[in-house]
There are 2 protein chains.
Amino acid sequence: MYICIVDISLTEENYIKAIFSINASNKGEGASTNELSEQLNNKAGSVTDMLKRLAEKKLIHYQKYKSVSLSSAGEKLAIGIVRKHRLWEVFLMEKLHFKWDEVHDIAEELEHIKSDELVLRLDAFLGKPRFDPHGDPIPDAKGHLFLPHAKPLSHFARIGTYTFLGVAEHSKLFLQHLTSLGLKIGDTIKVLDINAFDHSLMVKINRNEHQFFSEAVSSKLLVDIKK
Amino acid sequence: MYICIVDISLTEENYIKAIFSINASNKGEGASTNELSEQLNNKAGSVTDMLKRLAEKKLIHYQKYKSVSLSSAGEKLAIGIVRKHRLWEVFLMEKLHFKWDEVHDIAEELEHIKSDELVLRLDAFLGKPRFDPHGDPIPDAKGHLFLPHAKPLSHFARIGTYTFLGVAEHSKLFLQHLTSLGLKIGDTIKVLDINAFDHSLMVKINRNEHQFFSEAVSSKLLVDIKK
DNA sequence: AAAATAAGTTAGGTTAGCCTAAAAAACTGT
DNA sequence: ACAGTTTTTTAGGCTAACCTAACTTATTTT
Ligand SMILES: [Mn+2]
Ligand SMILES: [Mn+2]
Ligand SMILES: [Mn+2]
Ligand SMILES: [Mn+2]
């Protein structure tokens, strides 16, 4: 058990969250200085600066020239921020009727509000949701994060029926594109044909007219085989 | 009309809000360096620093050794922050069931979230409330702030029946004290007797047993004569 | 009208969080 | 293994937002 004495700035929280998400997409290999620099829109030198401070505060494991990873305190913090981010996204969609491509930027600010009680009550108010509007799992109050085993639609590479569970890209442009294709979380995607040259798919969403998904799209759609 | 080009930091927003509220309690006489220093828990020298920066940004009218006031841009900004603060307080009470002495600190952070669309939708979600949990009026979307003509109960100094409309002090301790007295916004306060020596009041709240209010309390209760 | 006190400003210093440019270390390809 | 490239760190600087201590201006008291 560890009690956090120093308090953590908004900037530090953003670094911690970035390390967490880069580490996850790297399958636990940690985050490099350049990856952080890219994600946070800072120069590499600034990142090194901050890594030293985070190491000082025991939030990360840092060795020069090696990629960094979160300490257990850092991970706890990161999961708390992710939980807040995703809960606020649900609030913005479900209660304030924002679209799924509008919620991220606002949640990026709301995730830093510091009140444990607030998070508990928001969670209860929303009915303890398990997934955010993009299909990402919401860590529970104990910091447990359930990882769904969805995979990119392109990964299956075969005719069949799938359930759309989440997105592997969160850009406004991509989300708006999916909306214009008529695709929402939970939809059924039936793959009718696969083009051997460009790997584009002929699909049917629910019971609609068939249409085509480029591989650029299908590789960003997280699905599972429909049961 | 004025478009705000530079963006305003959280710290600057807190200064602007402080100037606004001190100015209001001074009946438009502006805010002094020392009053700001007190309210913001900064030293006077730091306040002077910031006043120069705010003047640079045309948010205040500042002349050395004189008390400062908000420019029209500054006032617009201040009212926007107050609006957000009070709307979030309503949200915390009405939707998340916080108590009226718990909402202020959290709203102090939430008031800085920057999204006009968010404020509009939150307002609609809450049913366009006109008052916050402490009886303070909520500015409308156009920045118009209705000022109720409630006065401290002690001010009337006569037997009669009053409606409790708001508090002139927002400290946790005072709010909790009122709760323990069984007093809520909207309650009827019947003044049965006034002590000539200490100006304490014998009162009845709604139809309850009679009790006493010290002047320390009655001077902080904003009421109007019951119609 | 001085003297005393209070209020406000200035000067110089600190820290967080950024920057650029140069140096050092770690990889990569042959 | 070593030359070239990429990645990371270091060194030196900057600004916002604070501080303290000294100084200046304004106000109050006698
Ligand atoms: Mn953020
Ligand atoms: Mn999301
Ligand atoms: Mn605030
Ligand atoms: Mn209030």
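These values consider heavy atoms only, across backbone and side chains, with no hydrogens, waters or symmetry-generated copies. Convention: sequence-line order gives letters A, B, ...; per-chain numbering from 1. What you are looking at is a predicted structure, and each value in this text was computed from that prediction instead of being measured.
Here D:dT10 presents its P atom at 11 Å from CG of A:Leu51, a figure rounded to the nearest Å. When rounded to the nearest whole Å, the span between CD1 of A:Ile8 and P of C:dA16 equals 14 Å. To the nearest angstrom, P of D:dT8 lies 12 Å from CD of A:Glu38. Distance CG (A:Leu40) to C1' (C:dA16): 15 Å, rounded to an integer number of Å. Separating the CD atom of A:Glu13 from the P atom of C:dA16 is a distance of 16 Å, rounded to the nearest angstrom. Here the P atom of nucleotide D:dT20 and the CG atom of B:Asn42 are 10 Å apart, to the nearest Å. Taking atom CD on B:Gln63 and atom P on D:dA26, their separation rounds to 11 Å, with Å as the unit. Spacing between atom CG of A:Leu10 and atom P of C:dG17 amounts to 9 Å, rounded to whole angstrom units.
Taking 4.0 angstrom as the limit, B:Asn34 places none of its side-chain polar atoms (N or O) nearer than this to OP1 or OP2 of C:dA6. For the OP1/OP2 pair of D:dT10 and a distance below 4.0 Å, the side-chain nitrogens and oxygens of A:Thr48 include no atom meeting the criterion. Contact check, A:Arg53 against C:dA16: no side-chain N or O comes under 4.0 Å of OP1 or OP2. An OP1 or OP2 oxygen of C:dG8 is reached within less than 4.0 angstrom by no side-chain nitrogen or oxygen of B:Lys43. Between D:dT9 and A:Tyr62, a contact under 4.0 Å exists linking OP1 or OP2 to a side-chain N or O. B:Lys64 has no side-chain polar atom (N or O) that falls below the 4.0 Å cut-off from OP1 or OP2 of D:dA26. Residue A:Thr33 places at least one side-chain N or O under 4.0 Å from the OP1 or OP2 atom of D:dT9. For the pair A:Ser9 and C:dG17, the criterion of a side-chain N or O lying under 4.0 Å from OP1 or OP2 is met.
Side-chain atoms of B:Ser46 lie closest to D:dC18 of the nucleotides C:dG8, D:dC18, D:dA17.
Looking at B:Asp49, its side chain comes within 3.5 Å of the base of D:dC18 through a donor and an acceptor atom.
Where A:Tyr65 and A:Tyr15 each meet DNA chain C at their nearest nucleotide, the meeting point lying more 5' is that of A:Tyr15.
The residue A:Asn41 sits close only to the backbone: its heavy atoms come under 4.0 Å of sugar-phosphate atoms, none of a base. At a threshold of 4.0 angstrom between heavy atoms, the contacts of B:Lys52 are confined to the sugar-phosphate backbone, with no base atom among them.
Using modelled atom types and a 3.5 Å distance limit, the side chains of A:Ser32 and A:Asn34 yield no donor-acceptor pair.
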Go through the steps for A:Thr48 and A:Tyr62 under the test side chain to side chain contact (heavy atoms under 4.5 Å, CB included), then give the verdict.
-> CA-CA 10 Å; A:Thr48 303; A:Tyr62 174 59; 3.8 Å; yes
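Annotation: cation-pi geometry satisfied between A:Lys95 and A:Phe125 (NZ/CZ under 6.0 angstrom from ring centroid, within 45° of ring axis).
By the 30° and 60° cut-offs, the orientation of the rings of A:Trp88 relative to B:Phe91 is tilted. Using cut-offs of 30° and 60° for the angle between ring planes, the B:His134 and B:His170 rings count as perpendicular.
A side-chain contact (heavy atoms from CB on, under 4.5 Å) with B:Ile19 holds for exactly one of B:Asn14, B:Leu59, B:Leu40, B:Val68; it is B:Val68.
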